[in-house]
Enquirer: 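Here it is, the structure in full.
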Number of protein chains: 2
Amino acid sequence: MNAIGKRTTIDDLAKSLGLTKSTVSRALNDYPDISEATRLRVRHAASVQNYRPLSHAQAIKTGRVRSIGLVLQVSEHDGHRPFLANFLAGITEGAALHDWTLTLATASSTTDTIRLLEKLSQERKADGFILPRTYLQDRRIDALRNGHVPFVLYGRTEDIAECAWYDIAGETAMQEAVAELFRLGHRRIGFLPGGEGYNYTKLRTEGYLEGLAQAGLSQDPALIGPNAVNKQQGADATQKLLLQSEPPTAILCSVDHAAIGAYDAIRSCGLEVGKEVSIIAYDGVPEGAVLNPQLSTYAVDTKHAGARLAELLIRRVRGEAAQTLREIGNARFLDRGSHGPCLLTSNDLAALIKLKSDHREE
Amino acid sequence: MNAIGKRTTIDDLAKSLGLTKSTVSRALNDYPDISEATRLRVRHAASVQNYRPLSHAQAIKTGRVRSIGLVLQVSEHDGHRPFLANFLAGITEGAALHDWTLTLATASSTTDTIRLLEKLSQERKADGFILPRTYLQDRRIDALRNGHVPFVLYGRTEDIAECAWYDIAGETAMQEAVAELFRLGHRRIGFLPGGEGYNYTKLRTEGYLEGLAQAGLSQDPALIGPNAVNKQQGADATQKLLLQSEPPTAILCSVDHAAIGAYDAIRSCGLEVGKEVSIIAYDGVPEGAVLNPQLSTYAVDTKHAGARLAELLIRRVRGEAAQTLREIGNARFLDRGSHGPCLLTSNDLAALIKLKSDHREE
DNA sequence: CCCCTTGCCGAAACCGGTTTCGGAAATTTG
DNA sequence: CAAATTTCCGAAACCGGTTTCGGCAAGGGG
């Protein structure tokens, strides 16, 4: 840290070397018309004198502030909230590799988000943006695409024109989960979709259906619950699925938080999670490890996602084509206690639920 | 969002008004030597043409980028991790009130943190910093103080020279908790301190001791467990306290995560949380609401803290004295199920624990 | 030996704002 | 009505870098 008012400028550095600032600048930025000897001499002096160019002074000519923009929508149901620290760590570390930083803002609505994206890009607080939690139809994407502002999606979307992205293959996870449950003997497998309008909801649902198809199981609308993204909705949806004439013996949840509610619903039917009813979910939130039994779920490496997104965005800003900047990763299955072999047929399960229910009413 | 290459500069704006850019600049920045009529005319045109000054172009002359710096240490035991989203939302909203933004970085160690603080301040990616989770002796503070870089603490510290801060009075919470437990009949009240070296640990311990003193209870070193900041440590520490000849009938935990472990320890002694042993903790993490019974704890309004810190830092950067920028808030007690009336004397509790233990061994 | 490259660096323009300074016009004062 | 202020705006310097352009000197080829 420099003493107050003692910062060394490029002029100071140049003077101390007997060069002009233009030479120094070119030496530091690896221009080819600077001799190797001079380049080394300049680098050394810069390091000794602890010279660091002011990023905004550079930006005025280069047009780049070397900053990634991220606008978080906090009102939103936030499955990713628990991962936020990791996500941000991933982004900042990925950014640091290229000497970039992260500029963060929070918004309360989509309209507010777009307002901030415009403001931040016009004031050049950021050179481009990472858009988390993409929708099938995403107004943020339209706005940025329209304004020719570089961006990268965390997730995919419907209209992929000009879009770069990193995403986790949630559809693959759901498909595998169905296969696993089928292997364990389950024949009626329920499904709770995620948030309305999100792209991931569509993909995970497709994965579930594809899994059924591959297992040779027929689709049954009665097995697909309403959207559920939190504890309450998860509990309600699960209860609805269980109180049917042919209830599922296993339920697949698009998000962990819904699964937490599913636990409650299953218990209040007098059943045990992982025994009479199996649960597999997706996300890998920390609460899952506190549950009893621990939640079997597909965990996402959010930190790695952040790092990849940073890398992709920087390359996008530097001019690479969006089409060449698209990556997909996989979730990792945490095989824990909330799922197991199918113990009862659907009919027996229905009978048991009815029995317990009648018993309670007496 | 502007079409590509179509951004309006201050010169464009000036030309369209028949003025010079110096006049326009002063009009927009409320200089007194601009007539009211001109000021309005300029403002109106700026708004119509959607003019937004480039922040880095402003910064080159003003020296300020209007950005708050925050370096998070991710390796650290992270009690604040669950609150991160709220904390960041608070900061960014507080910053937005003055048209500032947040620049975020993450570090893996204290040394790394200091390196980043220096780098960010020297490159002027930020005008000042918020330092979360303060230590009694904090190298970050030394570095920034030494470099005359503005900063604000989230927490307090030992050497308060040049320090501004916002903090929650954890000591008051602990003191109140002791009073509450005393009122419920508890006479032997245990305590688990928090992380080693943190300033909050000292304060909360003092609060606990002060609570004892005010209740007329004597201090007993056997009632103070080892530091505990996570589930495992909380479980170990609690077990140690309970397996004594005169165990506590209530335990106060400095952090919620330790309390989560305490639940396990109490259960494995064959006891029930909130019945034979009461627990009160501090933080208000979301996991506390998932526990059974729900955790009684002092919740911190992290979002508000963030907003206050942003406000204080901005005023600090603008030159207000550190001494005038010190605020303390209070935690809010969540009266839930993990504490209740004292049911057993310490001796009876010890006997019960021994009984259950012997029973298990057979 | 001369000309033509090539290598290397200095001079100066430039980026888009802010701020200082000076002066003309309008207004007030004597 | 002249003189002294005010009011208000233009001209130009400035901030700290980057980038373009031009030219000198050394080296190579004919």
Enquirer: Ignoring hydrogens and angles, are the base of D:dA11 and the side chain of B:Ser22 linked by a donor-acceptor pair under 3.5 Å?
Expert: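 In this structure, the two groups form a donor-acceptor pair.
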Enquirer: Output the single nucleotide from D:dC9, C:dG10, D:dT18 whose closest atom is nearest the side chain of A:Lys61.
Expert: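 Between D:dC9, C:dG10, D:dT18, the one nearest the side chain of A:Lys61 would be D:dT18.
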Enquirer: In this structure, how many angstroms lie between the P atom of D:dC15 and the NE2 atom of A:His56, rounded?
Expert: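 In whole Å, D:dC15 P lies 12 Å from A:His56 NE2.
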Enquirer: Roughly how far apart are B:Leu120 CG and B:Arg115 CZ, rounded to 0.5 Å?
Expert: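 That separation rounds to 9.0 Å.
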Enquirer: Closer to the 5' end of DNA chain C via nearest nucleotide, is it B:Asp33 or B:Arg52?
Expert: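 Its nearest nucleotide being more 5', the pick is B:Arg52.
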Enquirer: More 5' along DNA chain C: B:Ser25 or A:Glu36, using each one's nearest nucleotide?
Expert: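 Looking at the nearest nucleotide for each, A:Glu36 comes out on the 5' side.
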Enquirer: Indicate yes or no: does B:Arg52 engage A:Glu118 in a salt bridge with an N to O separation below 4.0 Å.
Expert: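 No, B:Arg52 and A:Glu118 are not salt-bridged.
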Enquirer: List the steps and the verdict of side chain to side chain contact (heavy atoms under 4.5 Å, CB included) for B:Tyr51 and B:Asp12.
Expert: CA-CA 9 Å; B:Tyr51 166 72; B:Asp12 299 336; over 6 Å; no
Enquirer: Tell me: CG of B:Leu28 to C1' of C:dT18, nearest whole Å?
Expert: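 It works out to 12 Å between those atoms.
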Enquirer: From C-beta outward on B:Thr62, which listed nucleotide comes closest to its side chain: D:dG10, D:dC8, C:dT19?
Expert: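 The answer is C:dT19.
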Enquirer: Between D:dG17, C:dG16, D:dC9, spot the one nearest the side chain of B:Ile60, thanks.
Expert: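 It is C:dG16.
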Enquirer: Quantify the bending of the helix from C:dC1-D:dG30 to C:dG30-D:dC1 as the angle between its end axes, each fitted on five pairs, to 10°.
Expert: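 Axis-to-axis angle, ends of the helix: 40°.
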Enquirer: Measure distances between side-chain N and O atoms of A:Lys21 and base N and O atoms of D:dG17, and say whether any donor-acceptor pair falls under 3.5 Å.
Expert: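 Flag set: donor-acceptor pair detected.
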Enquirer: In whole Å, I'd like the distance from the CD atom of A:Gln58 to the P atom of D:dC15.
Expert: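 It works out to 18 Å between those atoms.
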Enquirer: For A:Arg43, is there an ion pair with A:Asp30 - N to carboxylate O distance below 4.0 angstrom?
Expert: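 Answer for the salt bridge query: yes.
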Enquirer: Closer than 4.0 angstrom, basic N to acidic O: yes or no for B:Asp127 and B:Arg64?
Expert: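 No, this pair does not count.
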Enquirer: B:Glu123 CD to D:dC15 C1': how many Å, rounded?
Expert: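 B:Glu123 atom CD is separated from D:dC15 atom C1' by 18 Å.
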Enquirer: Calculate the interatomic distance between A:Leu17 atom CG and C:dG10 atom P; express it in whole Å.
Expert: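 One finds 10 Å between P of C:dG10 and CG of A:Leu17, rounded.
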Enquirer: Side chain of B:Leu19 only, heavy atoms from C-beta on: which candidate in D:dC9, D:dC14, C:dC9 is closest?
Expert: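 Selected nucleotide: D:dC9.
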Enquirer: Please give, in whole Å, the distance from D:dG17 P to A:Arg66 CZ?
Expert: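 Going from A:Arg66 (CZ) to D:dG17 (P), I get 12 Å.
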Enquirer: Which nucleotide, D:dC8, D:dG17, C:dG17, lies nearest any side-chain atom of B:Ser35?
Expert: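 The answer is D:dC8, which lies nearest to the side chain.
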Enquirer: Under 4.0 Å: is that the gap between some side-chain N or O of A:Tyr31 and OP1 or OP2 of C:dC8?
Expert: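 For A:Tyr31, the contact criterion (side-chain N or O under 4.0 Å from OP1 or OP2 of C:dC8) is not met.
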Enquirer: Inspect the contact between A:Arg145 and A:Glu162 and indicate whether a charged nitrogen and a carboxylate oxygen are less than 4.0 angstrom apart.
Expert: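 No salt bridge links A:Glu162 with A:Arg145.
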Enquirer: Report the nucleotide, chosen from C:dC21, D:dG17, D:dG16, that has the shortest atom-to-atom distance to any side-chain atom of B:Arg26.
Expert: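 Nearest listed nucleotide: C:dC21.
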Enquirer: Check A:Arg308 with A:Glu311, please: is the shortest side-chain N to carboxylate O separation under 4.0 Å?
Expert: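 Looking at A:Glu311 and A:Arg308, the cut-off is not met.
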Enquirer: If each of B:Val24 and A:Leu54 is mapped to the nucleotide of DNA chain D with the nearest heavy atom, which maps nearer the 5' terminus, i.e. the 5' end?
Expert: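 Mapping each residue to its closest nucleotide by heavy atoms, the 5'-most match is B:Val24.
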Enquirer: Report, as yes or no, whether the 6.0 Å neighbourhood of atom NE2 on A:His98 holds more than 12 heavy atoms from other residues, nucleotides or ligands.
Expert: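 It does: A:His98 NE2 has more than 12 such atoms within range.
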Enquirer: If the cut-off is 4.0 Å, is A:Thr20 near the phosphate of C:dG10, judged by side-chain N/O to OP1 or OP2?
Expert: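 Looking at the OP1 and OP2 atoms of C:dG10, one of them is under 4.0 Å from a side-chain N or O of A:Thr20.
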Enquirer: What's the closest nucleotide to the side chain of A:Thr38 if the choices are C:dG17, C:dC9, D:dC9?
Expert: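 For the A:Thr38 side chain, the nearest candidate turns out to be C:dC9.
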Enquirer: Starting from C1' on C:dG10, measure out to CG on A:Asp11 and report it in whole angstrom.
Expert: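 Taking atom C1' of C:dG10 as the reference, CG of A:Asp11 is at 13 Å.
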Enquirer: What is the separation between atom CG on B:Leu40 and atom C1' on D:dC9, rounded to the nearest whole Å?
Expert: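 Result: 16 Å.
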